[in-house]
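Being a predicted model, the structure only gives us computed values, none of them experimental.
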Amino acid sequence: MYVWETLDRNVQKTAGAGSRLIETTNAYNPNENSIAQRTHEAVLGGAARLLYDCVEAVRDVDLKDRDAVLAAILDAYGDSHWVDAEGIADAIQDPRTPPAVAYRFYLNNIQENADGWITKDAWDLCFSDDDPIKPGDLIAIGFDGSLSGDSTGLVGARLRDGKLFVIGLWEKPKHADPDWEVDVLAVEAAVQNAFRTYKVAWMYGDPPYWQEALGRWAIQYGDDYVFEFWTNKPTRMVQATERFHSAVAMQDLKHENDPNLTRHVLNAVTREVPQGLLITKDSPRSRKKIDLAVCAILAFEARADAIADGRLQIRRKRVVGF
């Protein structure tokens with residue numbers, strides 16, 4: 001990313017002298033916000049002085065149909081007569097090749113990972129800039145905390161419509177010192193400010209590293225408002241994850257398109273356990289954080305439990321007829 005940004009700036013400054021920048025890559029994954037994606041979207045947005053030349057095979061090819069696969073390969077590779085179309089077809093139809101890999105790397109289709117949790121299209125459909133979150137709104141809160149490696153976050157969910165918003169995020173900077181730690185006092189202040197600014201009906205927090213803090217918050221704000229939610233208990237977490245995913249699919253929740261929340265949600269991939277599907281990072285050492293996605297799940301679950309407990313007070317106007 002930084003190398004490309006440096007090159008791009010220098011080319012922009014010296015384009016009149018003949019400087020040019022060439023980017024070549026496979027089709028991109030729209031969940032990764034890659035340079036290839038940014039360039040493509042810039043072209044679609046009408047950016048000047050960009051030439052985008054890409055040949056994609058027809059989409060949604062039946063990968064079991066040999067003739068259709070061969071036709072798509074020839075379509076994607078154009079006049080590259082040296083390509084071994086039969087060999088590529090064998091690779092595509094190898095049962096070890098996931099469909100997402102076949103479409104993206106062999107047929108040059110823009111394609112999300114097969115194990116991605118929520119698609120960008122589905123998430124974008126839940127965006128709403130109407131009726132913004134306001135002080136005094138009745139909300140639920142989800143909290144997922146770390147101390148050094150992973151991020152710590154707070155996400156709110158408005159009770160009446162399930163609209164998500166980020167209350168706070170403490171994420172290790174890319175070039176931070178090895179001994180970097182979350183600012184615990186800043187987290188404490190953010191929780192205090194959330195309870196002061198909004199009407200908090202329910203809060204779920206994942207206890208590891210923060211069990212003592214959750215206990216204090218329960219004493220301070222009420223033990224019928226602040227609850228532990230152990231995300232490492234698969235049965236309960238699977239159910240909460242499935243409810244959140246279904247709400248996204250049905251557009252039963254909303255969000256404000258916060259870039260950090262969107263990034264964390266789209267970073268998440270699924271992991272199968274005996275109880276169902278959980279979310280995780282794409283690899284244990286991955287720098288792609290998902291902690292706000294976990295916070296969002298907890299906030300949405302806290303919202304559901306608050307409503308089930310009768311904490312959503314809806315005032316209806318009384319209509320009197322004469």
Side-chain angles (χ1 to χ4, degrees), residues 118 123 126-128 130-145 151-170 187-207 210-211 213-231 233 236-258 260-262 264-265 268 279 290-315:
I118 288 176
W123 184 249
C126 295
F127 163 65
S128 173
D130 297 330
D131 193 11
I133 303 293
K134 300 182 181 66
D137 279 348
L138 186 64
I139 68 168
I141 295 177
F143 170 76
D144 182 39
S151 304
T152 290
L154 284 162
V155 170
R158 190 161 56 190
L159 257 65
R160 62 181 169 84
D161 60 358
K163 191 166 194 177
L164 301 169
F165 66 105
V166 175
I167 297 172
L169 172 64
W170 296 265
V187 177
E188 296 272 5
V191 171
Q192 183 180 55
N193 187 59
F195 274 87
R196 181 184 301 143
T197 303
Y198 308 101
K199 297 176 182 176
V200 180
W202 204 285
M203 177 179 181
Y204 272 143
D206 192 20
W210 292 83
Q211 194 161 16
L214 282 167
R216 283 190 290 99
W217 297 340
I219 293 172
Q220 184 174 356
Y221 305 113
D223 59 8
D224 56 344
Y225 288 91
V226 179
F227 304 90
E228 294 181 353
F229 191 111
W230 290 85
T231 60
K233 294 184 177 179
R236 193 179 186 192
M237 192 61 186
V238 161
Q239 293 171 350
T241 302
E242 289 178 348
R243 277 190 283 269
F244 188 95
H245 189 274
S246 296
V248 172
M250 300 300 294
Q251 298 176 41
D252 284 338
L253 64 73
K254 301 176 183 178
H255 64 82
E256 298 182 323
N257 204 29
D258 180 279
N260 289 318
L261 177 58
T262 295
H264 284 217
V265 167
I279 63 168
I290 67 167
D291 305 275
L292 286 181
V294 175
C295 293
I297 292 172
L298 297 188
F300 201 69
E301 192 73 357
R303 170 184 178 260
D305 288 342
I307 292 173
D309 195 55
R311 302 190 186 190
L312 176 58
Q313 302 297 326
I314 302 176
R315 295 182 179 179

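Screening V200, L154, I141 for a side-chain contact (heavy atoms from CB on, under 4.5 Å) involving V191 leaves a single residue, L154. For the side-chain contact (heavy atoms from CB on, under 4.5 Å) test with K163, the passing option among L253, I133, D137 is I133; the others fail.
Residues L138 and A201 share a closest heavy-atom pair of CD1-CB, 3.9 Å. The two residues G153 and C295 have their closest heavy-atom pair at O-SG, 3.1 Å. Across every non-hydrogen atom of A299 and A157, the tightest pair is O-CB, 3.8 Å. Between H264 and S151 the shortest heavy-atom distance is CE1-OG, 4.0 Å. A190 and I167 get closest at one heavy-atom pair: O-CG2, 4.3 Å.
Taking CG from N193 and CD from E188, the interatomic distance works out to 13.0 Å, rounded to the nearest 0.5 Å. Between the CG atom of L159 and the CG atom of L312 there is a distance of 5.5 Å, given to the nearest 0.5 Å. Residue L164 holds its CG atom at 6.5 Å from CG of L261, rounded to the nearest 0.5 Å. In this structure, NE2 on H245 lies 5.5 Å from CD1 on I118, to the nearest 0.5 angstrom. Taking OG1 of T241 as the start and CD1 of I297 as the end, the distance is 4.0 Å to the nearest 0.5 Å.
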> Passes side chain to side chain contact (heavy atoms under 4.5 Å, CB included), T152 versus F143? Steps please.
Replying inline: CA-CA 8 Å; T152 290; F143 170 76; 3.7 Å; yes
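R243 meets the salt bridge (charged side-chain N to carboxylate O under 4.0 Å, His left out) test with E301; sequence neighbours excluded. Scanning for salt bridge (charged side-chain N to carboxylate O under 4.0 Å, His left out) contacts around D258 gives an empty result, with sequence neighbours left out. With sequence neighbours left out, F244 forms a ring pair (Phe, Tyr, Trp, His ring centres under 6.0 Å) with W117, F300. K134 is linked by a salt bridge (charged side-chain N to carboxylate O under 4.0 Å, His left out) to D131, counting only residues two or more places apart in sequence or in another chain. D309 meets the salt bridge (charged side-chain N to carboxylate O under 4.0 Å, His left out) test with R311; sequence neighbours excluded.
Side chain of R303 to main chain of I139: no donor-acceptor pair is present (N/O by atom type, distance under 3.5 Å, no hydrogens or angles).
Aromatic ring centroids of W217 and F195 lie 6.0 Å or more apart.
Looking only at side-chain heavy atoms (C-beta outward), D130 and K254 stay at 4.5 Å or farther from each other.
Aromatic ring pairs are classed by plane angle as parallel below 30°, tilted from 30° to 60° and perpendicular above 60°; the pair H255 and W123 is parallel.
Each side-chain hydrogen bond (donor to acceptor under 3.5 Å, both in side chains) pair with one or both residues in residues 218-231, not counting sequence neighbours, appears once here: D206-T231, Q211-E228, E228-W230.
Within the cation-pi definition used here (under 6.0 Å to the ring centroid, within 45° of the axis), R236 does not qualify as a partner of F227.
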